[in-house]
Amino acid sequence: MRKKIVIANWKMNHDFHETTNFLRNLLKIFLEKKINHNKEIIIAPSFPFLHISNQILQGTTLKVAAQNIHQMDKGSYTGEVSASMLKSIGISKVILGHSERREFFIEKNDILLKKIRIALKYEFHIIFCVGETAFERNQNQQFNIVKNQLKETVFHCSSDEIRFFYIAYEPVWAIGTGKVATYEQAQTMHEFIRSLFLERYGESVSNKISILYGGSVNNLNAKALLLQKDIDGGLVGNSSLKLEKFLEIIQS
Ligand code: 13P
C-alpha cells in the first residue's frame with residue numbers, strides 16, 4: 001500500500017513571520033495530536049526560510065522541501081542556489097520541473113535532466129512535475145506531452161534511482177485557476193503515468209512510485225481526488241497557504 005502524501009508548494013508566498021507562525025502552529029496541532037491523519041506531509045517554503053523551517057520541524061514527521069536547485073554544483077552563477085548548499089542545512093527534498101519554472105524560467109527537459117543528476121548526486125528526493133497546457137489538451141496531446149516529459153528526464157534514471165522520485169501530475173490549465181481536473185481526467189492520466197513506469201521499469205517500481213495530483217486542489221475536492229486508485233496525494237499551491245484549509249486537506 002502506498003502512503004498518501006500531501007505537499008504544500010508555497011511558491012513565492014509567505015514572509016519570515018508567516019512561515020514561522022504557520023509551521024509553529026502546524027507543529028503544535030500535530031504534537032497535541034489534534035488531527036487524525038496517516039499521510040506524509042512536506043512543506044516547500046521559499047529559499048530564505050528553508051533553514052528555519054527545517055529547524056522548527058526537526059525531529060518530527062513533517063518534512064521540508066526546496067522549490068528549485070541550480071543544475072551546477074557551484075561556481076559563478078549569481079543569484080542561484082546549489083544542491084550542496086541546501087544539503088548543508090539539512091534539506092534533502094526538492095521540487096523540479098514545475099510548470100512555472102518551465103514557463104517563466106525556460107527550464108527545458110535537458111536542463112531538468114541536469115538538475116535531476118545533481119539532485120541525485122546529493123541524494124535528494126525529487127518531486128518531479130509533468131503536465132500539459134490547455135492548448136495541448138485541446139489538441140488531445142496530453143498523453144504524448146507527459147510521456148515525452150518523462151522520457152527526456154526521469155526515464156534516463158536507473159530503477160535504483162527511481163526510489164528517490166515522487167511524480168506530480170499538474171495539468172498547467174488547472175494550476176491557480178480554480179479549474180480542477182475531473183476525478184476521471186486525473187485518474188486516467190495517473191494510470192497512464194503508472195503504465196509508463198511499468199513499461200520502463202517493471203511491476204515493482206510501477207507499484208511503488210507515488211504519483212501526486214496538483215492543480216486547484218482544495219479542502220473540498222481533496223478527499224475525492226485522493227480516493228482515486230492511482231492518485232497517491234496532492235501537490236497543493238493556494239490552498240496550502242491557509243493553515244485551516246491545509247489541515248482539512250491533510251485530514252481528507
Ligand atoms: P494551485 O493549488 O494554486 O492550483 O497550485 C498548484 C501547484 O502549482 C502546486 O505545485
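Values reported hereafter were calculated over all heavy atoms of this structure, with side chains retained and with hydrogens, waters and symmetry mates removed. Treat the numbers as computed from the prediction; the structure is a model and nothing was measured. Just so you know, ligand 1 is whichever comes first in the structure, and atom 1 is the first atom listed for that ligand.
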| Hey, what else clusters with Phe105 if you join Ile, Leu, Val, Met, Phe, Trp, Tyr whenever side-chain heavy atoms sit under 4.5 Å? | Phe104
| message | Among Glu100, His98, Lys115, which residue satisfies the side-chain hydrogen bond (donor to acceptor under 3.5 Å, both in side chains) criterion with Asn68? | response | Lys115
Please tabulate, for side-chain N and O atoms in residues 24-33, each donor-acceptor pair with protein atoms closer than 3.5 Å (sequence neighbours left out).
from: Asn25; atom 1: ND2; to: Asn21; atom 2: O; distance (Å): 3.1
from: Glu32; atom 1: OE1; to: Lys34; atom 2: NZ; distance (Å): 2.7

| What's in the same ILVMFWY side-chain cluster as Tyr166, cut-off under 4.5 Å, chained through other members? | Ile5, Ile7, Ile42, Ile95, Ile127, Leu212, Leu235
| field | For Gln71, the option from Glu107, Glu80, Lys114 that meets side-chain contact (heavy atoms from CB on, under 4.5 Å) | value | Lys114
| Taking NZ, NE, NH1 and NH2 as the nitrogens, is one of them in Lys3 or Glu40 under 4.0 Å from a carboxylate oxygen of the other? | no
Show the short N or O contacts, below 3.5 Å, that ligand 1 makes with protein N or O atoms; if there are none, say 'none'.
from: ligand 1; atom 1: 2 (O); to: Gly237; atom 2: N; distance (Å): 2.9
from: ligand 1; atom 1: 3 (O); to: Asn238; atom 2: N; distance (Å): 2.9
from: ligand 1; atom 1: 4 (O); to: Gly176; atom 2: N; distance (Å): 2.6
from: ligand 1; atom 1: 4 (O); to: Ser216; atom 2: N; distance (Å): 2.8
from: ligand 1; atom 1: 5 (O); to: Lys11; atom 2: NZ; distance (Å): 3.2
from: ligand 1; atom 1: 8 (O); to: Lys11; atom 2: NZ; distance (Å): 2.8
from: ligand 1; atom 1: 8 (O); to: His98; atom 2: NE2; distance (Å): 2.7
from: ligand 1; atom 1: 8 (O); to: Glu170; atom 2: OE1; distance (Å): 3.4
from: ligand 1; atom 1: 10 (O); to: Asn9; atom 2: ND2; distance (Å): 2.9
from: ligand 1; atom 1: 10 (O); to: His98; atom 2: NE2; distance (Å): 2.9
from: ligand 1; atom 1: 10 (O); to: Glu170; atom 2: OE1; distance (Å): 3.2
from: ligand 1; atom 1: 10 (O); to: Glu170; atom 2: OE2; distance (Å): 2.9

